[in-house]
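Okay, so here's the structure we're looking at.
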Amino acid sequence: MFSFAVEARDGRARAGRLETPHGTIETPVFMPVGTAGAVKAVTRRDLEELGAQIVLANTYHLMLRPGDALVAELGGLHGFTGWSKAFLTDSGGYQVFSLSGLRSLKEEGVRFQSHLDGTAYLLTPERSMEVQMNLGADIVMAFDECPPWPAPREAVEEATARTTRWARRSRDAHRRADQWAFGIVQGGIHLDLRERSAREIVDLGFPGNAIGGVSVGEPKEDRIRVLEHLDPRLPEDKPRYLMGVGTPEDLIEGVARGIDMFDCVLPTRNARNGWLFTRYGDVKIRNARHRDDTRALDESCPCYTCAHFSRAYLHHLQKVNEILGARLNTVHNLHYYQTLMSELRHAIAGRKFADYVAEFREARRKSGG
């Protein structure tokens with residue numbers, strides 16, 4: 001039902017195959033974010049045509065609305081949404097800890113008030129796993145504490161230790177054989193805490209491991225330092241997931257350090273705000289320079305948006321806040337991300353990763369403005 005194998009390596013970069021009950025995932029892979037069970041502005045057909053292999057859904061939001069029990073009654077996320085490929089759900093921890101003024105943290109779990117109507121909830125490792133089992137994703141995440149940045153070392157150390165205790169409780173509470181549960185390594189930018197967390201989480205025997213607590217405001221150099229330190233300390237034969245990252249450049253840096261899985265709201269959120277990623281740099285389509293530009297957004301891109309619409313038209317849609325603009329922009333950005341990951345897989349398999357990265361960086365310097 002589940003398996004993971006690394007099929008090719010080039011330096012530390014890996015290309016692999018993750019088998020799930022809802023299909024094969026070729027890694028490295030980028031997961032579009034479908035917070036409430038839908039990737040904003042695109043349809044299931046769009047995602048299939050773009051080559052998405054797995055979608056991330058959000059435990060916190062789905063627990064509140066429509067409720068995990070209802071989703072379970074309707075066939076889990078797959079039956080509820082009609083998406084036939086794989087799902088991953090996060091634990092809800094990041095969203096709860098972002099509600100700093102609406103929650104209180106204890107060893108039992110986190111008490112918080114819904115951002116929707118103020119209703120009080122208690123989210124524990126056991127409850128997080130219950131929700132995720134109800135949602136029925138293929139891959140679920142242990143409940144963790146994600147410390148903010150910056151935070152005193154003492155606070156990060158406490159959160160790291162609690163993450164291990166909660167990971168053990170999450171593992172013990174998880175009872176679905178048709179799901180894989182991943183542990184999450186925390187520790188902020190402190191390499192000794194990261195090393196300790198990795199050792200403790202790996203010892204719990206999860207079939208996959210994630211790196212959390214990054215992309216929360218820390219300098220990029222610190223994030224890379226953490227990844228380099230963790231690379232030799234995570235099992236080679238298990239998938240590695242870098243949570244909440246990031247830009248195309250961030251994905252390249254992660255793959256170069258042995259990461260297999262990524263997610264981020266950036267391509268979809270930026271698309272709705274008129275920020276488009278292309279092979280030749282980022283394009284801010286609202287800029288006046290695009291008002292009468294008849295060229296495609298990216299003339300080398302075969303996506304539906306680039307094949308049929310000009311920069312001038314996309315600029316117009318963005319300026320008048322037409323919903324079609326959000327959809328066309330999102331189609332393009334997701335296509336770009338999926339294409340990037342596919343090209344990385346092929347470069348690794350052909351042992352041309354370094355050449356690909358050099359060409360990628362040179363091309364991306366040609367900003368589309």
Going by ring-ring contact (aromatic ring centres under 6.0 Å, His included), name the pairs with one or both residues in residues 182-206, residues two or more places apart or in two chains. none
Cluster overlap Leu234 with Ile184, hydrophobic side-chain contacts below 4.5 Å: no
When you compare the side chains of Glu19 and Thr24, does any donor N or O come within less than 3.5 Å of an acceptor on the partner? yes
Could you check whether any side-chain heavy atom of Phe262 comes within less than 4.5 Å of a side-chain heavy atom of Met341, counting everything from C-beta outward? yes
Report the C-alpha separation of Phe112 and Tyr60 in whole Å, then their side-chain angles, then the decisive distance to 0.1 Å, and conclude whether the ring-ring contact (aromatic ring centres under 6.0 Å, His included) test is met. CA-CA 11 Å; Phe112 67 96; Tyr60 167 83; 5.5 Å; yes
Path from Trp275 to Val33 over hydrophobic side-chain contacts below 4.5 Å: no
Take the angle between the ring planes of Phe143 and Trp166 and call it parallel below 30°, perpendicular above 60°, tilted in between. parallel
In terms of heavy-atom contacts, Val245 and Ser215 come closest through CG2-CB, 3.8 Å
Say whether Thr160 and Gln186, considering side chains only, have a donor N or O and an acceptor N or O under 3.5 Å apart. no
Donor-acceptor pair between Asn333 and Thr330 side chains, under 3.5 angstrom: no
Report yes or no: do Ser128 and Gln132 form a side-chain donor-acceptor pair below 3.5 Å? yes
Return yes if a side-chain donor-acceptor contact under 3.5 Å exists between Asp138 and Trp180, otherwise no. no
Thr43: partners by side-chain hydrogen bond (donor to acceptor under 3.5 Å, both in side chains), with sequence neighbours left out: Asp46
Could you walk me through whether Asp292 and Arg311 satisfy the salt bridge (charged side-chain N to carboxylate O under 4.0 Å, His left out) test, starting with their C-alpha distance in whole Å, then the side-chain angles of each, then the deciding distance to 0.1 Å, before giving a yes or no? CA-CA 8 Å; Asp292 58 355; Arg311 293 186 179 207; over 6 Å; no
